[in-house]
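Quick note: residue numbers are just sequence positions, from 1. It should be emphasised that the depicted structure is a prediction, and the values quoted were computed from it without experimental measurement. Every heavy atom of this structure was used, including side-chain atoms; hydrogens, water molecules and symmetry mates were not.
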Amino acid sequence: FMKHHKQNGLHGVVAGLTVISAVVLAGFSLPASAEEWYGAASLGQTKIQENVCGDLSALGYRPCSEDLTDTGLKLAIGNQFTPNAALEFGYADLGEGKVTAAGVSCKVDANGFGASLVGSLPVANQFSFTGRVGLFFWDANVTCSAGAVSVSDSDSGTDLAFGVGARYDITKTVSLRGEWEQYNLDDTDVDMLSLGLMVKFK
């Protein structure tokens with residue numbers, strides 16, 4: 001499923017890295033009393049945004065079936081350096097996609113580590129809208145088999161990830177948050193819709 005990098009991919013990575021670097025420097029220049037750390041864990045559904053069977057069928061590889069949705073997992077730690085901005089580092093497992101065409105079965109899985117700037121906009125006493133943008137350092141593995149023959153390949157890269165969501169503060173230290181995110185892996189996009197908990201600590 002992985003393709004060659006987009007021509008403008010490097011420009012996007014450089015721009016994203018510049019923004020995150022500026023935020024890191026700004027965050028660490030604040031007094032320690034202004035910083036608040038938190039941990040977060042989320043579970044959700046991932047979907048590879050590719051019409052794989054459409055492309056393969058057009059090339060004559062029939063019959064074709066695909067299952068490009070799976071369960072995804074996110075673990076993160078963040079620094080809330082202002083009331084409306086945080087810098088977050090985390091791990092994401094984007095699950096697995098499967099395709100079978102003309103007797104050949106393939107599966108691909110991807111995971112990686114990311115760094116994101118997360119902004120929040122309070123709209124009620126305990127409710128906020130959120131948005132994020134950052135870099136995702138990913139690894140992907142593809143395995144195809146036909147009968148007793150099996151071949152594997154892997155790829156890796158650094159691309160942009162972004163998302164929007166909402167957060168509900170259950171208590172002063174525990175929040176419920178839901179997010180939609182998109183991870184760019186070369187020319188392939190993977191969406192994740194997740195729900196999880198965020199716990200604040202000093």
Derivation and outcome, side-chain contact (heavy atoms from CB on, under 4.5 Å), residues F162 and W180: CA-CA 9 Å; F162 57 90; W180 168 84; 3.8 Å; yes
Is it true that R132 and E88 make a salt bridge, defined as a side-chain N closer than 4.0 Å to a carboxylate O?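 Salt bridge: yes.
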Can a salt bridge be assigned to the pair D109 and K107 using a cut-off of 4.0 Å between side-chain N and carboxylate O?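 K107 and D109: not salt-bridged.
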Could you list the residues that satisfy salt bridge (charged side-chain N to carboxylate O under 4.0 Å, His left out) with K47, not counting sequence neighbours?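 Scan of K47 (salt bridge (charged side-chain N to carboxylate O under 4.0 Å, His left out), adjacent residues dropped) gives none.
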Using a 3.5 Å distance criterion without hydrogens, assess whether the side chain of [X] forms a donor-acceptor pair with backbone atoms of [Y].
| X | Y | result |
| --- | --- | --- |
| D186 | T188 | no |
| T171 | T173 | yes |
| Q126 | D169 | yes |
| N51 | G54 | yes |

Pair N125, F127 - check side-chain contact (heavy atoms from CB on, under 4.5 Å), show working. CA-CA 6 Å; N125 289 337; F127 186 81; over 6 Å; no
Grab the two heavy atoms, one from [X] and one from [Y], that are nearest each other, plus how far apart they are.
| X | Y | value |
| --- | --- | --- |
| Y91 | N111 | OH-CB, 3.6 Å |
| L197 | I170 | CD2-CD1, 4.4 Å |
| S150 | T143 | OG-CG2, 3.6 Å |
| T130 | S120 | CG2-CB, 4.2 Å |
| G72 | M192 | CA-CE, 3.7 Å |
| D159 | W138 | OD2-NE1, 2.8 Å |

With ring centroids as reference points, do Y183 and F136 lie under 6.0 angstrom apart?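 Judged by ring-centre distance (under 6.0 Å), Y183 and F136 do meet the cut-off.
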Could you walk me through whether D70 and Q45 pass the side chain to side chain donor-acceptor pair (under 3.5 Å) check? CA-CA 6 Å; D70 199 12; Q45 185 182 72; over 6 Å; no
Can you find a pair of side-chain heavy atoms, one from [X] and one from [Y], that are under 4.5 Å apart?
| X | Y | answer |
| --- | --- | --- |
| N84 | L121 | no |
| D153 | C144 | no |
| E181 | S194 | yes |
| T46 | D191 | no |
| D139 | D155 | no |
| K200 | K172 | no |

Spell out, yes or no, whether [X] and [Y] are grouped together once hydrophobic residues are joined by side-chain heavy atoms under 4.5 Å, including indirect joins.
| X | Y | value |
| --- | --- | --- |
| V142 | V190 | yes |
| L193 | V164 | yes |
| Y168 | V174 | yes |
| F81 | F89 | yes |
| L185 | L68 | yes |

Identify which one of V104, V52, T100, V99 satisfies the side-chain contact (heavy atoms from CB on, under 4.5 Å) criterion when paired with C64.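 Per the side-chain contact (heavy atoms from CB on, under 4.5 Å) rule, the option paired with C64 is V99, out of V104, V52, T100, V99.
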Run the numbers on E179 and K74 for salt bridge (Lys or Arg N to Asp or Glu O under 4.0 Å), then give the verdict. CA-CA 11 Å; E179 291 184 288; K74 296 194 307 170; 2.8 Å; yes
Atom CG of L43 and atom CG of L195: how far apart are they, to the nearest 0.5 Å?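 One gets 9.0 Å once the value is rounded to the nearest 0.5 Å.
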Supply the atom-to-atom distance L75 CG to S42 OG, rounded to the nearest 0.5 angstrom.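 Those atoms lie 8.5 Å apart.
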Would you sort out whether V108 and N141 count as a side-chain contact (heavy atoms from CB on, under 4.5 Å), showing the intermediate values? CA-CA 5 Å; V108 58; N141 299 289; over 6 Å; no
Kindly determine whether I77 and F201 satisfy side-chain contact (heavy atoms from CB on, under 4.5 Å), including the steps that lead there. CA-CA 10 Å; I77 185 168; F201 52 90; 4.3 Å; yes
